[in-house]
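Note that the numbering runs from 1 along the sequence shown for the chain. For ligands, and for the atoms within them, numbers begin at 1 and follow the listed sequence. Hydrogens, waters and symmetry mates are skipped; everything else that's a heavy atom, side chains included, is used.
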Amino acid sequence: MPDTIRTIRADEFEAFVAAAHTAYFQTDPVAEDAARRLPHTDLERAFAGFDGDRIVGTLRSFATEMTVPGDRQVPVAALSYVAVMPTHRRRGLLRGMLSADLAACRDRGEVASILIASEYRIYGRFGYGPAIEDATWTIDAGRTAVRGEPVGSMEFVSVEDARGLLPDIYDELRLRRPGEIARWDMRWDLNLGVVELPGRPGWKGWIVVHRDRDGRPDGYIRYHVEDLWIDRVPASTLVADELAGATPSVDADLWRFALEVDLIATVRAIGRSPDDIVPWLLTDRRAAKMTQRDDFVWLRILDVAGFLGGRAYDRAGSVVIEVTDEMGLAGGRYALEAGPDGAECRRSRASPGLTIPIGVLGSAALGGVALRTLADAGHLDVHDQAALATADALLRWPVTPWCSTWF
Ligand SMILES: CC(C)(COP(=O)(O)OP(=O)(O)OC[C@H]1O[C@@H](n2cnc3c(N)ncnc32)[C@H](O)[C@@H]1OP(=O)(O)O)[C@@H](O)C(=O)NCCC(=O)NCCS
């Protein structure tokens, strides 16, 4: 009997969670986890794969918005909870669930779907391209300091106070950073350790809010410490789980704070941008090493005209591209006419200078990787070098996209 793919009812939610637990190797009580997740799950966006009446595959998406170049926001769908039971793998369940979800997202007007991939090789075939990287920066605190003088003050706050203060600070800065997305209540509760996921220890640590000279909160650092002594010498690591400043000078104050905490030998900041300013803030650049750098957010464009027309461009130019999409969701020929005052992207019949797979366009669409790099690596067909030069120059953006939110 062929597997059935459909959205689930509330009374099926426990079985949905149970299937995901199996695929994710989670052994905690299912009922408890399901009760906690249900209020945060939009069942109209929770797809399951059924073998008979048994749920054997899961996937859900939810609406958020993403900041794109030019400090504009576009509606996107975030994909998560993708799981297929080991007994039912590689028979098309993921493909079936994802096809249904992506078509529904497109029909709802979401211009792209985004995800964080467990394994690199899964999602390219579905039109996703790695678009945003993340990095870990590790700094030898004993060897360096942050240059300059503080621009504000630091104050420890309780989790309860942070729950009130941090979302407002974040909401202000995410609107000015391409790649950032709107966060949801549950994300904050997890980040601050207000709730715990089964099988994973809840976050525990300290939260310090930065205030400007008028006392207005404009940044924060959330950290925990890996305590270590070697031969009675302190060798602890301060792990900056999140460091978020409204301006680069606030970021500098937050880094300064982290590096000056007593008994700390090393500061490790996770979930950062590879383009972080931190090495340039220091008196000794060599004290900061990027100790991890990987693909992070993958982008699957569902509406080429909506996405490319929704972002800004810092120069004028026009180009015609043929977009290929094996899933038949967003392919076609498009003319992009862009300028510093606005852009328009429309269907076109003109002859294309480039033929770009939808996932490759997704990788370049936020400016995180140059289209020329992708062309040099053989990811697109170039019919006209001038078109490549134009499209490459248009899609670049001075600010590297970055997303500081897990989903
Ligand atoms: C990833 C996962 C959901 C795939 O589900 P699935 O139902 O086996 O996938 P499908 O059968 O629909 O596969 C579709 C295609 O993707 C390929 N594929 C699927 N998972 C893959 C993987 N992990 N690595 C490489 N290719 C993969 C299949 O070979 C198939 O290729 P084809 O179209 O060329 O035939 C499943 O393996 C799983 O649950 N893994 C553990 C949890 C996980 O990693 N979830 C993803 C979180 S982001």
Side-chain angles (χ1 to χ4, degrees), residues 1-8 12-13 15-28 30 33-34 37 40-41 45-52 54-62 64 66 76-105 110 112-134 179 181 184 186-187 190 197-200 271 294-300 302 324-329 331 357-360 362-363 379 403 405-407:
M1 203 170 91
D3 298 311
T4 305
I5 306 288
R6 63 166 173 81
T7 54
I8 56 164
E12 293 168 326
F13 193 65
F16 184 81
V17 171
H21 271 214
T22 304
Y24 290 136
F25 316 130
Q26 282 169 6
T27 52
D28 298 271
V30 169
D33 191 25
R37 284 179 186 273
H40 307 282
T41 304
R45 305 183 66 142
F47 286 89
F50 288 82
D51 178 354
R54 272 184 315 131
I55 293 184
V56 292
T58 68
L59 168 158
R60 65 178 277 257
S61 70
F62 59 93
T64 182
M66 175 179 261
V76 299
L79 184 73
S80 78
Y81 225 50
V82 176
V84 168
M85 303 254 288
T87 42
H88 289 72
R89 67 193 281 281
R90 308 300 182 267
R91 56 195 243 187
L93 279 164
L94 170 58
R95 182 176 287 280
M97 293 186 293
L98 192 54
S99 302
D101 178 63
L102 291 178
C105 294
E110 287 155 349
S113 166
I114 55 172
L115 60 80
I116 300 166
S118 61
E119 291 188 274
Y120 195 92
R121 292 183 308 146
I122 303 173
Y123 292 101
R125 77 193 74 241
F126 301 120
Y128 289 84
I132 303 176
E133 292 183 309
D134 90 334
I181 58 174
W184 45 102
M186 182 69 164
R187 182 69 264 160
L190 287 168
L197 283 179
R200 281 182 236 166
D294 283 299
D295 62 287
F296 186 51
V297 175
W298 291 58
L299 184 74
R300 203 286 179 212
L302 296 168
T324 56
D325 183 350
E326 284 173 19
M327 294 181 86
L329 291 164
I358 188 79
V360 176
S363 287
H379 288 285
C403 179
T405 304
W406 266 93
F407 53 93

Of the side chain and backbone of M85, name the one, both, or neither that has a heavy atom under 4.0 Å from an atom of ligand 1. neither

At a 4.0 Å threshold, what atoms of ligand 1 neighbour a non-hydrogen atom of S118? 43 (C), 44 (O), 45 (N), 46 (C), 47 (C), 48 (S)

Y24, F126, F25: member with heavy atom nearest to atom 42 (C) of ligand 1: Y24

Any non-hydrogen side-chain atom of T64 less than 4.5 Å from a side-chain atom of V76? yes

Specify whether Y81 and F16 have parallel, tilted or perpendicular ring planes, treating 30° as the upper limit for parallel and 60° as the lower limit for perpendicular. tilted

Out of the candidates D134, I181, I116, I114, only one should pair with C403 under the side chain to side chain contact (heavy atoms under 4.5 Å, CB included) rule; please name it. I181

H21 and D33: side-chain hydrogen bond (donor to acceptor under 3.5 Å, both in side chains), yes or no, with the steps? CA-CA 10 Å; H21 271 214; D33 191 25; 2.7 Å; yes

Looking only at heavy atoms, which two atoms of G57 and M97 are closest? And how far apart? C-SD, 3.6 Å

Less than 3.5 Å between some nitrogen or oxygen of V84 and one of ligand 1, yes or no? yes

May I ask you to identify the nearest protein heavy atom to atom 7 (O) of ligand 1, giving residue, atom name and distance to one decimal place in Å? L94 N, 3.1 Å

Tell me every residue that passes side-chain contact (heavy atoms from CB on, under 4.5 Å) with D295, counting only those two or more places apart in sequence or in another chain. Y120, P130, W298

Closer than 4.0 Å: a protein non-hydrogen atom to atom 45 (N) of ligand 1: yes

Out of curiosity, is I116 lining ligand 1, as in a heavy atom under 4.0 Å away? yes

So is A117 polar-close to ligand 1, meaning N/O to N/O under 3.5 Å? no

Which atom names give the shortest non-hydrogen contact between C105 and L302, and what distance separates them? CB-CD1, 3.7 Å

Evaluate R95 for polar contact with ligand 1, using N/O atom pairs at a separation under 3.5 Å. yes

Nearest-neighbour protein heavy atom for atom 3 (C) of ligand 1, which is reported as residue plus atom name and distance: V82 CG1, 3.7 Å

Parallel, tilted or perpendicular, as decided by the 30° and 60° cut-offs, for the rings of F62 and F407: perpendicular

When every non-hydrogen atom of L94 is compared with those of V84, the smallest separation belongs to N-CG2, 4.1 Å

Applying side chain to side chain donor-acceptor pair (under 3.5 Å), can you list everything that pairs with E12, at least two apart in sequence or on another chain? R6, R9

Per-atom contacts, ligand 1 versus G92 - under 4.0 Å to a heavy atom: 10 (P), 11 (O), 12 (O)

Min N/O separation E119 to ligand 1 under 3.5 Å: yes

Provide, to 0.1 Å, the distance between atom 30 (C) of ligand 1 and the closest protein heavy atom, together with that atom's residue and name. R125 NH1, 4.0 Å

Atom pair CG/CD1 of D101 and I5 - distance to nearest 0.5 Å: 11.5 Å

Taking atom 22 (C) of ligand 1 as the point of reference, which of R91, H88, R90 owns the nearest heavy atom? R90

So is there a nitrogen or oxygen of A83 less than 3.5 Å from a nitrogen or oxygen in ligand 1? no

Check whether any side-chain heavy atom of L93 lies under 4.5 Å from a side-chain heavy atom of F47, and answer yes or no. no

If we number the atoms of ligand 1 from 1 as shown, the ones under 4.0 Å from a heavy atom of I122 are 1 (C), 21 (C), 22 (C), 23 (N)

Quick one: CG on D3 to CZ on R91, what's the gap to the nearest 0.5 Å? 4.0 Å

Please check atom 37 (O) of ligand 1 for a protein heavy-atom neighbour under 4.0 Å. yes

Under 4.0 Å and counting heavy atoms only, is there anything from the protein next to atom 40 (N) of ligand 1? no

Are any of the N/O atoms on R89, whether in the backbone or the side chain, positioned under 3.5 angstrom from an N/O atom of ligand 1? no

At under 4.0 Å between heavy atoms, what of Y123 touches ligand 1? The answer is side chain

Where's the contact between L115 and ligand 1, heavy-atom distance under 4.0 Å: side chain, backbone, both or neither? neither

